[in-house]
Amino acid sequence: MAGGHRLLLENARQVVLVCARGERFLARDALRSLAVLEDASLVVGIDGFIKAIGPGDAIQKQFSEETFQERIDCTGKCILPGLVDAHTHPVWAGERVHEFAMKLAGATYMDIHQAGGGINFTVERTRQASEEALFSSFRQRLGCMMRAGTTLAECKSGYGLNLETELKMLRVIERARRELDIGISATYCGAHSVPKGKTATEAADDIINNHLPKLKELGRNGEIHVDNIDVFCEKGVFDLDSTRRILQSGKDIGLQINFHGDELHPMKAAELGVELGAKAISHLEEVSDEGIAAMAAARCSAVLLPTTAYMLRLKQPRARKMLDEGVIVALGSDFNPNAYCFSMPMVMHLACVNMRMSMPEALAAATINAAYALGKSHTHGSLEVGKQGDLIIINSSSHNLENPKQNYLSLGLPWWRSGWESACRCRGHGFEPWSRRIPHAAGQLGP
Ligand SMILES: N=CN[C@@H](CCC(=O)O)C(=O)O
Ligand SMILES: [Zn+2]
């Protein structure tokens, strides 16, 4: 149908805006209660952006003469922003189920890594895999994420380590960005592990002298778009000095710094991230008090990954201290061969139970604050006029009910998908891939 609007969501019991005043993130007292409209409707335009949100009767009056490609009756339901997954490793070949048995028998993540398993096992399999096979499994994984409510995911390379395979992974991510109905923030993670036969210094030199110039060239030609640069800053992987050199070189070619820090050992990675102007640091199980204070002051977001601490039986990151000190806390699934979770609702559930976050804190961390960690909170992460129409509808009259049967967070069920799947409609369930097919809009608001 020509003209008119793309979508009308009518008469929802609640529209959970998350925030309503153009906030780029939520911290401290702003997390006590999120912006919610009762008995409201929402309009998405042909360009995929939100045109109006307001009381159901007012929207009906305002748009009474207008046409819509699709109308959804949301009576008794609740509309939320699409969930944002701020940390995933979704492009790889080769399962690592055998390592789960080793971990159950007492081996640590680093024991396996140092014995040539872990990331380096996946690197070997990913180097051997064809681009087509990698794309095919990646597409399936993104489909699972969408069915669990994710509409924007950060996706890392990092199972290639050599230039050839890192580029293969980034091409796969680029293809998904162009072809699939999910938003993607692409991260170059060529410093995910030190490749066999090289020292960390040699690997850093290769990245700085060969990988990053190539990425710059491909970005300029419009062949591959990369948003972020990542390093696994860890004892026995990349030390502070190599991490600093790589991240600074990435920043010099225009990438946002968003890296793995203070996970297994206290490294002062948070302090380094603040010094370099990082947008986000992930993990932080071992962050120092000074690192937390520095991140709060610098508005450097903490991407917490509850599945990792659970899987590896690590100590939990100190979410409460971070929140109380004003750090911008975001969440990610950390989907990877070692932590096989697609579901952000499950991640939010673990954050509430194991990290003692409140439900509003978990929802903000999986929407506006995760979008902030990816430099996209001006377009994503809340339901506000002018933002992307990325949203989910849940079959519940409130996002914050006491009744566990009706609350997706207390259920944690989406781990098995069924509860969420029947309750959720997102772009993958028939909505348009909003931004990608509308070139002028994408140009205005970024990729
Ligand atoms: N810590 C480093 N990277 C991943 C694990 C990747 C893997 O084990 O393949 C993480 O974030 O948990
Ligand atoms: Zn990771």
Side-chain angles (χ1 to χ4, degrees), residues 85-100 102-103 107-127 129 134 137-138 141 153-161 165-166 169 173 185-195 200 228-239 243 246 257-267 269 273 278 280-287 301-317 330-342 347 350 370 373-374:
D85 188 339
H87 185 129
T88 81
H89 302 256
V91 184
W92 45 267
E95 301 294 341
R96 301 220 311 256
V97 183
H98 60 283
E99 290 182 2
F100 186 53
M102 292 162 76
K103 283 180 212 129
T108 66
Y109 184 82
M110 267 304 165
D111 291 339
I112 295 170
H113 183 87
Q114 276 155 3
I119 295 171
N120 285 336
F121 177 92
T122 306
V123 166
E124 277 178 26
R125 300 298 188 281
T126 305
R127 285 180 180 176
L134 287 176
S137 55
F138 179 40
R141 291 166 192 156
E154 185 262 8
C155 299
K156 300 178 194 295
S157 68
Y159 292 118
L161 309 183
T165 313
E166 285 298 310
M169 295 183 73
I173 295 171
S185 175
T187 300
Y188 164 75
C189 188
H192 197 196
S193 181
V194 178
N228 317 294
I229 181 152
D230 193 349
V231 173
F232 187 10
C233 177
E234 183 57 59
K235 193 171 161 193
V237 191
F238 289 94
D239 62 12
T243 303
I246 296 168
I257 297 177
N258 184 330
F259 70 110
H260 292 69
D262 293 326
E263 178 185 355
L264 304 171
H265 298 92
M267 298 284 292
I281 306 171
S282 289
H283 284 292
L284 298 166
E285 286 83 354
E286 299 285 350
V287 67
S301 54
V303 180
L304 305 184
L305 308 170
T307 60
T308 322
Y310 161 77
M311 259 298 290
L312 300 181
R313 295 178 175 147
L314 305 178
K315 72 182 190 198
Q316 296 291 328
L331 289 169
S333 68
D334 196 15
F335 174 81
N336 73 69
N338 162 74
Y340 210 99
C341 178
F342 299 112
V347 166
L350 287 174
L374 304 179

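When a ligand or atom number is given, it counts from 1 through the structure's own listing order.
- Among residue pairs with one or both ends in residues 91-100, those qualifying as salt bridge (charged side-chain N to carboxylate O under 4.0 Å, His left out) are Arg96-Glu99; sequence neighbours excluded.
- For the pair Arg313/Lys103, no side-chain contact is recorded, criterion being any heavy-atom separation below 4.5 Å from C-beta on.
- The aromatic rings of Phe232 and Tyr109 sit perpendicular to each other, their planes meeting at more than 60°, with 30° as the lower class boundary.
- Judged by distance alone, the side chains of Thr187 and Asp230 never bring a donor and an acceptor atom under 3.5 Å apart.
- With waters neither drawn nor counted, the protein N/O/S atoms under 2.8 Å from the Zn ion (ligand 2) amount to 3.
- Residues that satisfy the ring pair (Phe, Tyr, Trp, His ring centres under 6.0 Å) test with Phe121, not counting sequence neighbours, are His98.
- Taking a heavy-atom cut-off of under 4.0 Å, ligand 1 is surrounded by His87, His89, Arg96, Tyr109, Ile119, Tyr159, His192, Phe232, His260, Glu263, His283, Thr308, Asp334, Asn336, Pro337, Asn338.
- Side-chain contact check for Lys315 versus Glu286: some heavy-atom pair is nearer than 4.5 Å.
- If you check the side chains of Asn120 and Ser193, you find a donor sitting under 3.5 Å from an acceptor.
- A 4.5 Å side-chain heavy-atom check between Leu312 and Thr108 finds every atom pair outside the cut-off.
- Side-chain contact between Lys235 and Met110 is absent, with no heavy-atom pair separated by less than 4.5 Å.
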